[in-house]
Amino acid sequence: MMSQSADQAKATGHIVVDHLRVRFGHNAAMVEAVSDVSMEVKPGEFVSIIGPSGCGKSTLLNVVAGFVKPSAGRVTMDGKHTDRPSADRGMVFQQYSLFPWLTVRKNVEFGLKQKGLDANHREEAARTLLGLAGLLAFENHYPDQLSGGMKQRVGIVRALATSPRVLLMDEPFGALDAQTRVVMQQILTNMWQRFRISVLFITHDIDESIFLSDRIYVMTARPGRIKAEIPISLVRPRTPDMALSPEYLRIKQQLRDLITEESLKAMGGELKDSGLAGFGMEVGPQGVAELI
Amino acid sequence: MQTAASLNLDGEQPGGQVGGATEGPKLVVAPKPDAGAAAASTSSQLTDTPVRRIAAWLRSALPKVLTTMLSLGLFVAFWYFATKYKWDFYIRFTNIPSPGEVLDNAAQLMHSDKFYNNMYVSLRRIMIGFGVATVLGVALGLLIGQYRVAKAMLFPVFETLRPIPAIAWVPMAIMLWPSNETSIVFITFLGSFFPILLNTIHGVNSVDPVLLRAARCLGATEFGLLRQVVLPAALPHIFTGLAIGMGVAWVSLIAAEMISGQYGIGYFTWEAYSLIEYADIVIGMIVIGVLGLLCSGGIRLLGTALMPWMAGSTQGGQK
């Protein structure tokens, strides 16, 4: 089952976002969340989208998932419209989204049950996956009995169980503490390398995006547009030590400058109002970045 | 499987170990009974024998048992003296049966088939009325809560009928239904239907939307969503509705039996008044109370059995 999903993934999971525009509301109250975004995730690729908060990156992901209808443009996976949610696009949410009334194993089995798999096969598949994530000992626990990091690991395993072609992740580690977050990034990398599926990952954490991604898209402040596309050529497997390498630091500096610029734009109005604007302009973007 | 397991050891051991370390404290907490036992054994070896433990439990429970008995004892003593001396101070105890008379009559009724039949008839009415209310209330509640069309079509009717107490339906029910029996069951149904319906709707409305989105991403169909996500997510609220509904069902049943019944424990109580068997009134009241209590207890037990995850979460909250 696993080798099969690995082979299948090599050729599929190709996400193409073509001149996407998303607007909410009508007339005067209309807000443009995503403005003319074109991007892609190649089969088996790990792509991150990073940008200031409120830049529409989650909206973009929700269009790919099929929850939000685009106002213009289109999103396809392997040539097919993603106009409704489907099990071939697994999703991991920022909030813990495990079903509290199901045990860990039953949560993982949920998608397989929808596929009509019989109980024995479901259990076998769920146990194999839980074993890979080091969660087998907790298969009969309820989500409320788990730590935040474990819940999110179950969330990833649950999304992978249906052998999706792409994994969509909406700031999945945003609610975790820094140490757990680093561990989770390693686990995710391991799972991704094992399954070789495409990943579209939303984050606002620069280190996280560099550590995980093959490619990073930087989005502008609202309305969200693609500001830059940055390939990450750091060798894999990546280790925490790489955070000190010159290449890593160069990419980090570049990303930080890009995002600071956008954050400043996003906060421009607020800064002016608060009387900090003058101060901010004097010390320049770097200084305000510290201030933020 | 073999290769996967060994791969896992090579590839993920570091992550797994660190994960275990950072998430350690929370995990230690999870097996609570063990932690408690460990604490007990380290704190004192003397408390570790079963006899001593029971003794310790009795010691801690004793004050509460004593105060409960005292409270009930004082109540019965008041009843005893009030009826013995036929107190008459605006409230009149002149016709009220004494505890002794009640006990005597109860001993006789223990051997009366008619009395048991009355209990059986009332319980059967509750089971049918409450059962239908549960099925309809939960099903319609799920539909109204989940689908705008269902809400637009059904909710106005229910909102109009809801403020009318079930008892007010008695004359109408007698005209509507072919027999006395069905109209009493109908009244019982009406009493429990609205609490169950409204709590189910409330439960559906408070389902975390992220759970619905997660289920859709996992390939759930519309019906699967309703049955496998909305229903279990709303279950705690539904059981609140069932508990309230059971209480109102008894209120409605007893009133309906007193007005239009033949048989039933409410009828028995009213008949006792007509026949000047005043001690039987008290027995009827006590039996109604006990049966109501048992039914509510049954609902609670069913809730605990159907929602094992809730037990885990409250334990976590208490520690």
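Naming convention: chains lettered A, B, ... in sequence-line order (proteins, then strands); numbering from 1 in each chain. Heavy-atom basis, side chains included; hydrogens, waters and symmetry copies ignored. Keep in mind that what you see is a predicted model, and the values were worked out from it rather than measured.
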Does any part of the side chain of [Y], heavy atoms only, come nearer than 4.5 Å to the side chain of [X], both counted from C-beta?
X      : Y      : value
A:W101 : B:M307 : no
B:L218 : A:P85  : no
B:Q228 : A:F99  : no

### Message
Set out, in order, the CA-CA distance, both residues' side-chain angles and the distance that settles side-chain contact (heavy atoms from CB on, under 4.5 Å) for B:W309 and A:L102, then state yes or no.
### Response
CA-CA 8 Å; B:W309 72 92; A:L102 296 179; over 6 Å; no
### Message
How about CZ on A:R236, more than 12 heavy atoms from neighbouring residues, nucleotides or ligands closer than 6.0 Å, or not?
### Response
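Counting other residues, nucleotides and ligands, CZ of A:R236 exceeds 12 neighbours.
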Is it the side chain or the backbone of [X] that comes within 4.5 Å of chain B heavy atoms, both, or neither?
X      : answer
A:K113 : side chain
A:S97  : both
A:L98  : backbone
A:N62  : side chain
A:R158 : both

### Task
Using the ring of A:F67 (Phe, Tyr or Trp, six-membered ring only), decide whether B:R216 places NZ or CZ under 6.0 Å from its centre and within 45 degrees of its axis.
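No - B:R216 does not lie over the ring of A:F67 by the 6.0 Å and 45° rule.
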### Task
Measure the CE-CG distance between B:M310 and A:D144 for me, rounded to the nearest 0.5 Å.
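Going from CE on B:M310 over to CG on A:D144, the span is 9.0 Å.
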### Message
According to side-chain hydrogen bond (donor to acceptor under 3.5 Å, both in side chains), who are the partners of B:R125, at least two apart in sequence or on a separate chain?
### Response
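For B:R125 the side-chain hydrogen bond (donor to acceptor under 3.5 Å, both in side chains) partners, ignoring immediate neighbours, are B:E181, B:E257.
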### Query
Top residue by heavy-atom pair count (under 4.5 Å) with chain A, among B:G219, B:C217, B:A215?
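Top count of heavy-atom pairs under 4.5 Å with chain A: B:C217.
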### When B:T221, B:D208, B:V210 are compared by non-hydrogen pairs under 4.5 Å with chain A, the top option
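With the most close heavy-atom pairs to chain A, the winner is B:V210.
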### residues 230-238 of chain B: residues contacting chain A (heavy atom under 4.5 Å, by number)
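Counting heavy atoms that sit under 4.5 Å from chain A, the residues of residues 230-238 of chain B involved are B:P232, B:A233.
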